[in-house]
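To start, the structure itself, in structure tokens.
This one's a predicted model, so the numbers in the text were calculated from it and none came from an experiment. In this chain, numbering begins with 1 at the start of the sequence shown.
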Amino acid sequence: MKMMRPGRMEYEGEATFKHYAYMKGGMRFVGYTCICASGNNAAVLHYGHAGEPNDKRVNDGDMLLFDMGAEYAGYTADITASFPANGRFTENQKFVYNTCLKAN
């Protein structure tokens with residue numbers, strides 16, 4: 001999440017996750033297709049497959065949705081996070097984020 005910012009490509013987030021999982025945890029495989037979506041792509045169910053390959057440039061003001069999981073010893077982790085690309089929520093983003101947070 002720290003390396004993502006406006007101007008980066010969505011696939012850079014995917015590549016960073018895969019590299020970190022293998023380099024730090026020895027996890028050679030992901031458990032499922034990584035979703036690294038920004039802006040409107042974050043509303044596309046199961047974005048990140050071959051037809052929608054995490055290939056959008058991240059814009060200032062975009063929200064990012066990451067849903068990824070590495071596989072280790074037959075188990076798969078599921079990590080999902082939403083965050084603003086520029087590190088600051090807009091008022092609307094903050095409202096939606098906090099509403100979802102309170103619902104859990």
Side-chain angles (χ1 to χ4, degrees):
M1 289 173 26
K2 288 181 182 179
M3 61 79 60
M4 291 304 293
R5 60 182 142 297
R8 298 255 190 196
M9 300 298 289
E10 292 169 333
Y11 58 74
E12 290 180 87
E14 178 181 9
T16 300
F17 173 77
K18 288 178 173 180
H19 173 76
Y20 187 87
Y22 194 13
M23 181 71 125
K24 300 294 185 181
M27 295 168 262
R28 297 181 66 197
F29 304 105
V30 292
Y32 51 89
T33 302
C34 293
I35 298 170
C36 300
S38 66
N40 292 337
N41 290 343
V44 177
L45 188 61
H46 299 289
Y47 178 78
H49 57 80
E52 299 282 351
N54 296 325
D55 64 353
K56 177 185 168 295
R57 184 170 305 280
V58 177
N59 296 313
D60 191 37
D62 278 354
M63 281 292 291
L64 293 161
L65 170 70
F66 281 13
D67 185 358
M68 302 177 274
E71 186 178 290
Y72 186 78
Y75 294 94
T76 297
D78 186 337
I79 302 164
T80 304
S82 297
F83 57 98
N86 63 13
R88 295 177 311 277
F89 287 108
T90 66
E91 287 304 313
N92 287 339
Q93 291 168 344
K94 189 185 304 184
F95 174 77
V96 172
Y97 184 88
N98 286 327
T99 300
C100 292
L101 194 61
K102 288 176 188 175
N104 286 318

Do the charged groups of K56 and D62 touch, with an N to O distance under 4.0 Å? yes
Just verifying a value: how many Å separate Y47 OH and N40 CG, rounded to the nearest 0.5 Å? 10.5 Å
Are F95 and L101 connected in the hydrophobic side-chain network, where two residues link if heavy atoms are under 4.5 Å apart? no
Show the nearest heavy-atom pair for residues C36 and G13, with the distance to one decimal. SG-C, 4.0 Å
For N59, does the CG atom have more than 12 heavy-atom neighbours from other residues, nucleotides or ligands under 6.0 Å away? yes
Would you say H46 has more than 12 foreign heavy atoms packed within less than 6.0 Å of its NE2? no
For the atom pair CD1 (I35) and CD (E52), what is the distance rounded to the nearest 0.5 Å? 11.5 Å
Closest non-hydrogen atoms of I79 and Y32, given as atom of the first, atom of the second and distance, are N-OH, 3.9 Å
Does E12 reach the main-chain N or O of M9 with its side chain, forming a donor-acceptor pair under 3.5 Å? yes
Please report the interatomic distance CE(M4) to CG(L64), rounded to the nearest 0.5 Å. 5.5 Å
Does R57 use its side chain to pair, donor to acceptor, with the backbone of R8 at less than 3.5 Å? no
Evaluate the ring pair (Phe, Tyr, Trp, His ring centres under 6.0 Å) criterion for residues Y97 and F89: first the C-alpha distance (whole Å), next the side-chain angles of each, then the deciding distance (0.1 Å), finally the verdict. CA-CA 9 Å; Y97 184 88; F89 287 108; 4.9 Å; yes
Is there a path from F17 to M63 through hydrophobic residues (I, L, V, M, F, W, Y) whose side chains come within less than 4.5 Å of each other? no
Donor-acceptor pairs are to be reported for all side-chain atoms of residues 19-31 against protein atoms at under 3.5 Å, with residues two or more places apart or in another chain.
unit_1: Y22; atom_1: OH; unit_2: R28; atom_2: NE; d: 3.4

Counting heavy atoms not belonging to F83, are there more than 12 under 6.0 Å from its CZ? yes
Looking at CD of E14 and NZ of K18, how far apart are the two atoms once the value is rounded to the nearest 0.5 Å? 4.0 Å
Nearest heavy-atom approach of P84 to Q93 is CB-OE1, 4.3 Å
Smallest heavy-atom separation, C34 atom then N54 atom, equals O-ND2, 3.1 Å
Can you spot which of T80, V44, N41 makes a side chain to side chain contact (heavy atoms under 4.5 Å, CB included) with L65? T80
With a 3.5 Å distance limit and no angle check, can you tell me whether R5 reaches the backbone of A85 through a side-chain donor-acceptor pair? no
